[in-house]
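A short worksheet on the structure shown next.
Note: hydrogens, waters and symmetry copies are ignored here, and every other heavy atom, side chains too, is used. Note that the coordinates shown come from a computational prediction; the quantities given were computed from them, not determined experimentally. Lettering follows sequence order; numbering is per chain, from 1.
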Amino acid sequence: MHIVVCVCQVPDPQAPAGSFYVDEAAMEPRWSPAAQPLLSTFDLHAVEAAACLKEAHGATVTALTVAGPEAEPGLRRALAAGCDQAVRVAPPAGAGHDRLAIAHSLAAAIRTLPPADLVLCGRIAAGWDMGHVPAMLAEVLGFPYASPVTAIEARDDGASVELRRLTVDGYEVVHADLPLVAAVSNEINEPRYPTMRSVLDAQRATITVADGAVAADATAARLTALRPRDLSAECELIDGETAEDRGMALAAVMHERGFV
Amino acid sequence: MTIDFSLSPEQEAIRSLAHEFADKEIKPRAAELDRISDPAAIFPWDIYEKGNRLGFNKTLIPTKYGGLGLGEVETCLVVEELSWADGGIGSTYFVHAMQLLTLGESGTEEQKAKWFTACANDPEERFFMSLPWTEHGVAGNLSPRDFAAGRMDNGPILPHEWAMHRTVPPAEQREMTTVAIEDGDDWLISGTKRFITSAGRSKLLLTSARKGAESTDGAGFGLFLIPADAPGVSYGHIEDKMGQRLMQNAEVIFDNCRVPKSDEFTNYRTAPRVRGGDVEVAAVFNGIARRAYEEALAYSRIRYKGGARIVFHQAMQMALCDMAIKVLTSRMLMLRAAWENDQERGFNAYNNMAKIYSSDVAVDVTSKAMQVFGGYGYMRDFPMEKLYRDARLGPIYHATNEMMMVGQLIPWLAAMDTIY
Ligand SMILES: Cc1cc2nc3c(=O)[nH]c(=O)nc-3n(C[C@H](O)[C@H](O)[C@H](O)COP(=O)(O)OP(=O)(O)OC[C@H]3O[C@@H](n4cnc5c(N)ncnc54)[C@H](O)[C@@H]3O)c2cc1C
């Protein structure tokens with residue numbers, strides 16, 4: 001089985017808020033060295049899912065990213081966490097926030113690799129929180145698609161998998177033929193720490209740089225403005241004779257405004 | 001132009017792994033574990049096992065024995081990050097690393113093959129080493145009283161001679177009561193050691209003892225490798241400490257413990273001994289100091305008092321600047337010393353300085369950081385009081401700073417005209 005895990009880096013979610021700001025003119029987020037990008041959280045779960053399948057059934061796992069060389073630490077993390085090889089495709093010129101161009105580039109890169117049986121992604125990148133790429137990628141590749149996936153098991157026929165898909169009030173069990181694109185959620189596993197030895201080996205591994213970038217479509221979605229959210233807050237005091245009255249009043253306000 | 005202060009990508013990856021582990025596995029639990037009143041009930045094996053599985057106790061073991069074959073710079077990076085989350089856990093790893101260095105430098109090939117391999121392949125991932133040296137009457141180091149007295153002329157000062165003399169002063173001056181009595185092909189060891197890090201938890205003891213009940217000179221001092229569960233070894237009082245409670249310190253009692261002669265560390269007196277763990281202990285206190293600085297800075301940005309957030313009060317600004325300078329310089333000194341050691345041109349003075357300076361810095365920085373927190377700094381709801389308690393150990397153990405200056409650092413300084 002050949003598993004391709006699509007990964008990307010996001011600013012360290014734990015970095016202090018002050019280390020991050022929005023450059024409105026350039027329409028880009030910027031961060032200080034204290035907030036170095038990390039592999040996106042859901043992508044770590046996707047890598048772990050691939051590593052588990054590999055351990056259980058044997059597989060070759062390729063980590064793939066469409067990004068500049070600054071994304072290489074993330075690929076090395078994926079290598080340390082169980083991927084066998086890493087491929088980086090330079091981002092298409094002018095892609096900006098055009099997710100479709102990213103999906104096309106990923107698909108083009110996947111077609112240059114040995115045929116992929118399973119393509120795993122994180123359900124959303126913890127940077128822009130859009131979650132568009134996995135579905136677009138499935139569409140471009142012509143593969144079936146499942147998301148958000150919280151369990152994945154290879155079936156005995158070797159040609160299909162059993163998935164659990166999260167729903168609002170439970171989950172669905174789905175049998176899907178391979179090849180398939182699955183976007184995984186954090187419930188799927190607890191990513192293990194790479195060992196120091198695997199971290200060192202990953203540092204010494206070669207990352208393949210492929211030229212699979214597909215130019216962005218000028219008519220696709222364009223970003224026209226990027227501003228930080230206005231975080232101003234207003235305080236409202238709830239009145240009432242007794243504590244019970246105030247509690248009732250508070251509940252009524254919350255109900256009225258749709259909080260509960 | 002060769003000077004370069006950046007970490008290599010490997011070093012950065014190791015540092016960031018250790019930090020991630022410290023942040024997720026240690027930091028959320030350290031305060032709660034620290035508060036357990038029974039010192040015998042604290043030692044968090046689950047954290048240690050997880051860390052060892054990642055390789056934190058194998059950095060200094062050469063690859064041919066199954067270790068990671070890394071140097072002291074990398075070991076310092078790991079210990080500093082772990083100590084950032086908890087000084088006691090950092091100290092457990094520092095003491096263990098110090099033994100690995102000694103075993104690497106002074107052990108015979110058989111000893112190294114046996115114990116490095118045992119550590120690298122321990123299925124339980126519980127392999128730590130202890131160093132039972134300190135007794136009530138003898139600490140790790142003493143100053144060379146008779147040596148100075150015998151050196152009244154203006155002849156050259158030979159740091160090695162001085163330092164070696166310090167390391168092995170006449171046995172009766174060390175007031176060492178633990179003895180090794182020859183018995184055929186074995187030594188029989190009896191005596192009590194105290195304050196010993198990881199005692200009762202570790203798997204291997206590198207023990208000091210006076211050879212022969214009557215021996216009175218340096219030749220009578222021996223070091224012995226003893227499995228922690230050997231017959232004749234038991235553990236006494238577990239110390240109830242002010243800080244660094246996530247490491248365990250206890251008495252080690254030897255009662256006619258039989259040690260084959262092949263387990264003696266005969267090479268110890270002649271092997272050059274520069275890499276003595278000083279930079280790893282510095283890493284513990286650099287981690288604590290850096291954490292205190294980070295906490296103080298973050299608090300100063302949110303605490304509103306006297307019309308402004310306190311980061312805008314000049315007195316707080318001066319404290320923060322002073323802390324930052326000390327944290328950075330202490331770390332640079334540690335890395336310089338560790339780097340020199342890894343280049344095989346280690347120099348005692350840098351190592352000693354790194355230990356002394358980092359421990360003083362940590363006490364000072366945690367104290368200033370507590371001041372930034374005001375009353376809240378004194379309360380257990382905030383991390384400052386623990387950092388302060390954890391830092392206070394630095395100038396005391398692994399030789400007090402006073403003893404390290406008079407016993408180790410000064411011979412090197414006295415033999416040179418300057419330092420750079
Ligand atoms: C938490 C902890 C962990 C430890 N772990 C270990 C361990 O794993 N293995 C081990 O062997 N030991 C260990 N020790 C022991 C430690 O190394 C000693 O406590 C330390 O060296 C000081 O010795 P002492 O306690 O006997 O103090 P003392 O020697 O009684 O010192 C008392 C004071 O006198 C000063 N003083 C003593 N001698 C001189 C001198 N010659 N010149 C100038 N001033 C002097 C000291 O600086 C100090 O201020 C540990 C101690 C602690 C607290």
Below 4.5 Å from any heavy atom of chain B, which atoms of Arg77(A) appear? Answer side chain, backbone, both or neither.
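Just the side chain, heavy atoms under 4.5 Å.
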Engaged part of Pro73(A) at the chain B interface, taking heavy atoms whose separation is under 4.5 Å:
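Neither part.
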Given heavy-atom pairs under 4.5 angstrom as the criterion, report whether the side chain, backbone, both or neither of [X] touches chain A.
{"X": "Glu12(B)", "answer": "neither"}
{"X": "Leu17(B)", "answer": "side chain"}
{"X": "Ser16(B)", "answer": "neither"}
{"X": "Glu20(B)", "answer": "both"}

Closest non-hydrogen atom pair, Gln203(A) against Pro9(B):
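Smallest heavy-atom distance, with atoms named: OE1-CB, 3.4 Å.
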Work out which heavy atom in Ala13(B) is nearest to a heavy atom in Val199(A); give both atom names and the distance.
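Ala13(B) and Val199(A) have their closest heavy atoms at CB-CG1, 3.4 Å.
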State the [atom1]-[atom2] distance between [X] and [Y], to the nearest 0.5 angstrom.
{"X": "Thr195(A)", "Y": "Leu68(B)", "atom1": "OG1", "atom2": "CG", "result": "7.5 Å"}
{"X": "Arg197(A)", "Y": "Leu70(B)", "atom1": "CZ", "atom2": "CG", "result": "9.5 Å"}
{"X": "Lys50(B)", "Y": "Tyr193(A)", "atom1": "NZ", "atom2": "OH", "result": "6.0 Å"}

May I ask you to check whether over 12 heavy atoms, not counting those of Met318(B), lie within 6.0 Å of atom CE?
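Atom CE in Met318(B) is not crowded, with 12 or fewer foreign heavy atoms closer than 6.0 Å.
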Counting only heavy atoms not in Gln314(B), do more than 12 sit closer than 6.0 Å to its CD atom?
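Atom CD in Gln314(B) is not packed in, count stays at 12 or less.
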Which of the residues Gly67(B), Ala18(B), Ser8(B) is involved in the greatest number of heavy-atom pairs with chain A at under 4.5 angstrom?
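If we count pairs closer than 4.5 Å to chain A, Gly67(B) comes out on top.
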